[in-house]
Amino acid sequence: MNGIYVQREPKQLSLMSNGAIFVGKFVDVSAKQYYMNEMLKRFLTRVDSGARPTKYALCTALNACAKTSNWHLGLQFHAQIILNGYEDNVILSSALVDFYSKCNRIEDARRIFNYMKQHDQVSWTSIISGYAQFGCGVEAVFLFKNMLKSDIKPNFFTYVSIITACSRLKEPLELGSAVHSHVLKLGFVKNSFLISSLIDFYSKCGIVDGAALLFDAPMTRDNILYNSMIAGYCQNFYCEDALKLLFQMREEGINPTHFTMSSVLNACGSLSLLRLGRQVHSLVLKKGLVSNLFVLSSLIDMYSKSGSIDDARSVFDQTIERNSVLWTSMISGSAHSGRAKEGLELFDHMVEKGCLPDHICFTAVFTACNHAGLLNKAVEYFDRMRKDYGLVPKLDQYACLVDLHARKGDLTKAIQLIDEMPFDPNCVMLSSLLSCCRTYGAVDLGRKVACRLFQLQPDNAAAYVTMAHIYAEAGLWDEVTNIKKLIKQKGIKKSASWSWVEVDGRVHVFLVGDMLHPKSHDIYVLLEQLNLEIKEAQSIRQEMIFSLQFASVYRIPMDVDC
DNA sequence: ATAGGGTTAG
């Protein structure tokens, strides 16, 4: 057990004479988990040697197993429930439903629920909450509707669960706002639990203003309310607002928790705020949150994103307990910082340690391969992903592999992969393929890719510009003119931008975008003059360097086809 | 004293 040096059992936990376990408030969560497990094992030993457990003790024990997600231990208490003839006890069955769903055994939870002769508010709420936590919003809503049809009325616990379920739906808003108005009608609106779940719901729907409105309403705010709002801001890229709330939270004397820290570190990373990130790191140390895996992976991520990969590595090296997310953040950080080899070594290390990689981990591995141009290695990992780990590649993983093939010049293989995969390609994938078509002068393929891209993003000037480049570099000037016409026809608005291409010693300059832009005319005139100069110039490159400098004076976006 | 709820990471 990491970081536990306490010899005696803490007062907060005790085994009662009737076998029940008293659980008080613990400051250190991992200590609580540790002692709870020890206590439960001792209780089980006592039961195994013949003591008859009370239903109360079993209930507390199951509850503890649910909270610590200790499936193996919980199973034995389930056995005790059956052995002692408590199977028909509604309270114990509800506790079982809760236990199984907290251990991610939602189907077992459902079986217990269905087997129950009668349901109460707790069993309904537990199963609905289980499906909501499991990500099955639809099933949770289905059950909620059934509950409304039954004699049992939902209470505010149920509403919290159903709001959580709504944010897991594909079309969350319709039902979610209906539930919100229900909640208002019932007068649960001052309830901190409900407000935080609503803040979370609106944040996940991208309605930050709605969430902030709930948060700003006059009431006493607890740390969870703060945490929900900070997380909401972070999820919607309102990083500055998230940081402001941290300061406000501290001013109000509310203790930041590991929830706060992981969100705030995420904000620091997005803004590359290394100094603030370091300050938060010291706050993490001060609050004793440094063994929390959420906080640690955010720390590693923050340091990587702030360009301080050595600090990220040093945090990583000091961790005692590692899960796949922690490994992935380090692999991903290494990959993005140009340390591909290190990233791949980390992956091998992770697998050796028996940690199972998931989709996101493989994306990090492919990113490392992409940065180092390791095509064969990536193909090998792609196969291993399916064969060794039974993971079906998703769009992100295909995108990495397609990109790698395309960058290496195997455009046929890239497009073959796109056609093979069971998804429609997204814009990012097609854009990257299109720019590879440019690199390798693949006009026909480029045309096909561009057509699909135009359909997906009819207003994106970048795709048109890249295609114009491909045509120009192949000397297909009529096609270039067509594209220009197309851009004009569609009225694609883009602040003036330009690019150039050199073919057989001739330089062609393109001007794409909004011709009404105040700077457009000047640029156009000057570029024309430049063209004349270039005709006479010996060294075209030097002239172009001049023109690039000129363009930057006008702050014209240069990387239009990125 | 002895059942159910909200927030977090790659």
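So you know, we letter chains A, B, ... as the sequences are listed, proteins then strands, and number each from 1. Note that the structure is predicted; figures quoted are calculated from it, not measured.
- Not one N or O on the side chain of A:Thr319 forms a donor-acceptor pair closer than 3.5 Å with the backbone of A:Arg322.
- Nearest nucleotide to the side chain of A:Lys67, out of B:dG6, B:dG10, B:dG4: B:dG4.
- Residues A:Arg110 and A:Tyr131 bring a donor and an acceptor atom of their side chains to less than 3.5 Å of each other.
- Atom C1' of nucleotide B:dT7 and atom CD1 of A:Ile254 are separated by 13 Å, given to the nearest angstrom.
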Start with the C-alpha gap between A:Tyr238 and A:Ser203, add the side-chain angles, then the distance that decides, and say whether side-chain contact (heavy atoms from CB on, under 4.5 Å) holds. CA-CA 11 Å; A:Tyr238 287 54; A:Ser203 305; over 6 Å; no

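- Side-chain contact, A:Ser306 with A:Ser272: no donor N or O sits under 3.5 Å from an acceptor N or O.
- Considering only side-chain N and O atoms, A:Lys204 lies nowhere under 4.0 angstrom from the phosphate OP1 or OP2 of B:dT7.
- Taking the side chain of A:Gln133 as heavy atoms from C-beta on, and the options B:dG6, B:dG10, B:dA3, the nearest nucleotide is B:dG6.
- Look at NE2 on A:His258: it is 11 Å from C1' on B:dA9, rounded to the nearest Å.
- In terms of polar N and O atoms assigned as donor or acceptor, the side chain of A:Asn292 never comes within less than 3.5 Å of the base of B:dA9 in a complementary pairing.
- Across the protein-nucleic acid pair, A:Tyr303 atom OH and B:dA9 atom P stand 19 Å apart, rounded to whole Å.
- Of the candidate nucleotides B:dG6, B:dT7, B:dG5, B:dG5 has the atom lying nearest to any side-chain atom of A:Asn191.
- Of the candidates B:dT2, B:dA9, B:dG10, the closest approach to any side-chain atom of A:Ser298 belongs to B:dA9.
- Salt bridge A:Asp310/A:Arg313: absent, no basic N to carboxylate O contact under 4.0 Å.
- In summary, the aromatic rings of A:Tyr226 and A:Phe215 are positioned with their centroids under 6.0 Å apart.
- A donor and an acceptor atom, one from each side chain of A:Ser192 and A:Asp222, are located under 3.5 Å apart.
- Distance CG (A:Leu92) to P (B:dG4): 12 Å, rounded to an integer number of Å.
- OP1 or OP2 of B:dT7 has not a single side-chain nitrogen or oxygen of A:Gln235 nearer than 4.0 Å.
- In the set B:dT7, B:dG4, B:dG10, B:dG10 carries the atom at the smallest distance from any side-chain atom of A:Ser324.
- Within 6.0 Å of OH in A:Tyr389 there are more than 12 heavy atoms belonging to other residues, nucleotides or ligands.
- Between the side chain of A:Ser192 and the base of B:dG6 there is at least one donor-acceptor pair of N/O atoms closer than 3.5 Å.
- Closest to the A:Phe156 side chain, of the nucleotides B:dG5, B:dG10, B:dA9, is B:dG5.
- Between A:Asp403 and A:Ser432, the side chains place a donor N or O and an acceptor N or O closer than 3.5 Å (distance only, hydrogens not considered).
- In terms of polar N and O atoms assigned as donor or acceptor, the side chain of A:Asp222 comes within less than 3.5 Å of the base of B:dG6 in a complementary pairing.
- Distances were taken from every side-chain heavy atom of A:Ala231 (C-beta onward) to each of B:dG10, B:dA3, B:dT7; the shortest belongs to B:dT7.
- Checking B:dG5, B:dA9, B:dT8 against every side-chain atom of A:Phe157, the shortest atom distance belongs to B:dG5.
- Ion pairing between a basic and an acidic side chain is recognised when a charged N comes within 4.0 Å of a carboxylate O; A:Glu240 and A:Lys244 show no such pairing.
- Distance A:Asn255 CG to B:dT7 C1': 15 Å, rounded to the nearest Å.
- A heavy atom lying under 4.0 Å from DNA chain B marks none of the residues of residues 174-182 of chain A.
- Among the nucleotides B:dG10, B:dG4, B:dG6, the one closest to any side-chain atom of A:Thr328 is B:dG10.
- In the region residues 104-125 of chain A, proximity to DNA chain B at under 4.0 angstrom, judged on heavy atoms, holds for A:Asp120, A:Gln121, A:Val122.
- As rounded to whole Å, 6 Å separates atom C1' of B:dG4 from atom CG of A:Asp98.
- Between B:dG10 and A:Asn266, a contact under 4.0 Å exists linking OP1 or OP2 to a side-chain N or O.
- Put simply, NZ on A:Lys287 is 21 Å from P on B:dT8, counting in whole angstrom units.
- Contact annotation: A:Asn155 does not reach the phosphate of B:dG4 (side-chain N/O to OP1 or OP2, under 4.0 Å).
- In this entry the distance linking CD1 of A:Ile152 with C1' of B:dG4 reads 14 Å, nearest Å.
- Stacking of A:Arg384 on the aromatic ring of A:Phe362 is not recorded, the 6.0 Å distance cut-off and the 45° axial limit not both being met.
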